[in-house]
Amino acid sequence: MKVGTRRARPASGLSGLDGRIKVLVTEDAHFSHAAAADWLGLGVDNLVVMKPNAERRSDLQRAAEDMDRILRDGHDIGGILLNGGTTYDHAIDDIAGFVKLRNDLVQRHQLQYVPHIHVDSVVGWVWLMFRNYDFDENELGIGREALRLIEKQTRRIEGIALADSWGVDFHKGVGGCPVDCSFVLMNNKLDFERLRKGGNPVADIHQLAGDFSSYSPVDYTLETSRAGGKALAALAALHSLGLDGYRRVLARVIEATVTLRAEVAKHGDMAVINEHALGYQTMVRLFPPESVGDDRRNLELTSSDDQVAKFTVQVNRYLKEFFGWDNRTRMNVNAGGVVYSFSKKYITTPSGSDISGLKFYIVSPRTDPEHAVKAVEVIRSRKDEFDNTVWRARGIKP
Ligand SMILES: Cc1ncc(COP(=O)(O)O)c(C=O)c1O
């Protein structure tokens, strides 16, 4: 966001922002994007949220309309922040499509600057490890469905080569480093220059011995003193795991995810609500016993009907009760079995209700498909126990 606003307002480091800069973010963006808009003085009201399609990828056509409107209204675009692996679905936007859209926009509106495109790829970067993998040869012997998902996702993340900047979290998922270990990469060195303290009249860095060093480790960030440990941790992880190490770990969690989803699908009162997701996160919905045979179960993600909205709210209540009970009586007391979390709002459905889900996020490189089978067995038996001893006893009706 900082680089993007500097592109649109080169003097903003001195003059501040004038309230006429808009930044485009995605509907499923991490909350840190809004927090950054606040901290930077850009203002959360100046974020324009791009709508997603059914796969939770940002809709290009609607984003084009948003951008045209922003410019027609006399505002400028201080950045376009794309999905590069969302928190829930690991959704990656059509990066090449957005770059083309941005370039066309520059031509059409005769812009004097090129709006910056950043991809929040702190989760999705790891699929880059498969960029040169021979998917036909499949040397690692990855299972067919997992391989299909990995190839599709790899083709999507490759687009970051066309973006202006992107992020890497080595502490997430299969990154292999302790929290926190993050990087931001600029594809063009000029964008780093836009942040430099030294190359910029805003800050006088006379306390540093610039005359005797052409390189300053404090130049690009807010802080001055900074440890190098994190960079070394990342380097150590890259060298010790290597390309195939990362590939194997990622393939394992994807294979376990494929099994987990298939196991959930065997139960009529459970559903995976992010089947389209190519990553290793699975959102599961459990339905109360009274709802067996209720057609609304299949309509929650697509219908705008009021009755479906009502049903979604009721199932959310059931799911929250179930999670609270399972957490209290098993997970929080370390009684064994799978550990998962509760997401109050996976997405907002077309009926306007927020839909909740149980979030299964496989991160251990030692996870095998058998663990996924066991996980669903635990959920099955816990659900039966909850339905029979808690839910029915309370006489709560859906
Ligand atoms: C897509 C995405 N972006 C950004 C973040 C923030 O990451 P962190 O504060 O761990 O670097 C997260 C965290 O889950 C995320 O999922």
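Read the numbers this way: they start at 1 and go in the same order the structure lists the ligands and their atoms.
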* Asked: Any Lys/Arg nitrogen of R7 or D191 sitting under 4.0 Å from an Asp/Glu carboxylate oxygen of the other?
  -> yes
* Before accepting this row, confirm whether a basic side-chain N of the pair R380/D384 lies closer than 4.0 Å to the acidic partner's carboxylate O. =>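 Salt bridge present between R380 and D384.
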Under 4.0 Å to a heavy atom of [X] - the qualifying atoms of ligand 1, by number:
X    : answer
G85  : 1 (C)
D169 : 7 (O), 8 (P), 10 (O), 11 (O)
S182 : 11 (O)
H171 : 8 (P), 10 (O), 11 (O)

* Where is the nearest protein heavy atom to atom 3 (N) of ligand 1: which residue, which atom, and how far? ->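 Looking only at protein heavy atoms, the one closest to atom 3 (N) of ligand 1 is D120 OD2, 2.6 Å.
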* What is the closest protein heavy atom to atom 12 (C) of ligand 1, and at what distance does it sit? ->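 That would be H30 CD2, 3.2 Å.
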* Structure fact -> The answer for which part of T87 has a heavy atom under 4.0 Å from ligand 1 is both
Angle class for the [X]/[Y] ring planes (parallel below 30°, perpendicular above 60°, tilted otherwise)?
X    : Y    : answer
H90  : Y280 : perpendicular
Y133 : F130 : perpendicular
F322 : Y340 : parallel
F311 : F287 : parallel

* Under 4.0 angstrom from atom 14 (O) of ligand 1, is there any protein heavy atom? ->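 Protein heavy atom within 4.0 Å of atom 14 (O) of ligand 1: present.
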* **Full working for ring-ring contact (aromatic ring centres under 6.0 Å, His included) between F170 and W125** => CA-CA 9 Å; F170 284 93; W125 67 276; 4.9 Å; yes
* Asked: Does any N/O atom on K172 come nearer than 3.5 Å to any N/O atom on ligand 1?
  ->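 Yes - when backbone and side-chain N and O of K172 are compared with those of ligand 1, one distance drops under 3.5 Å.
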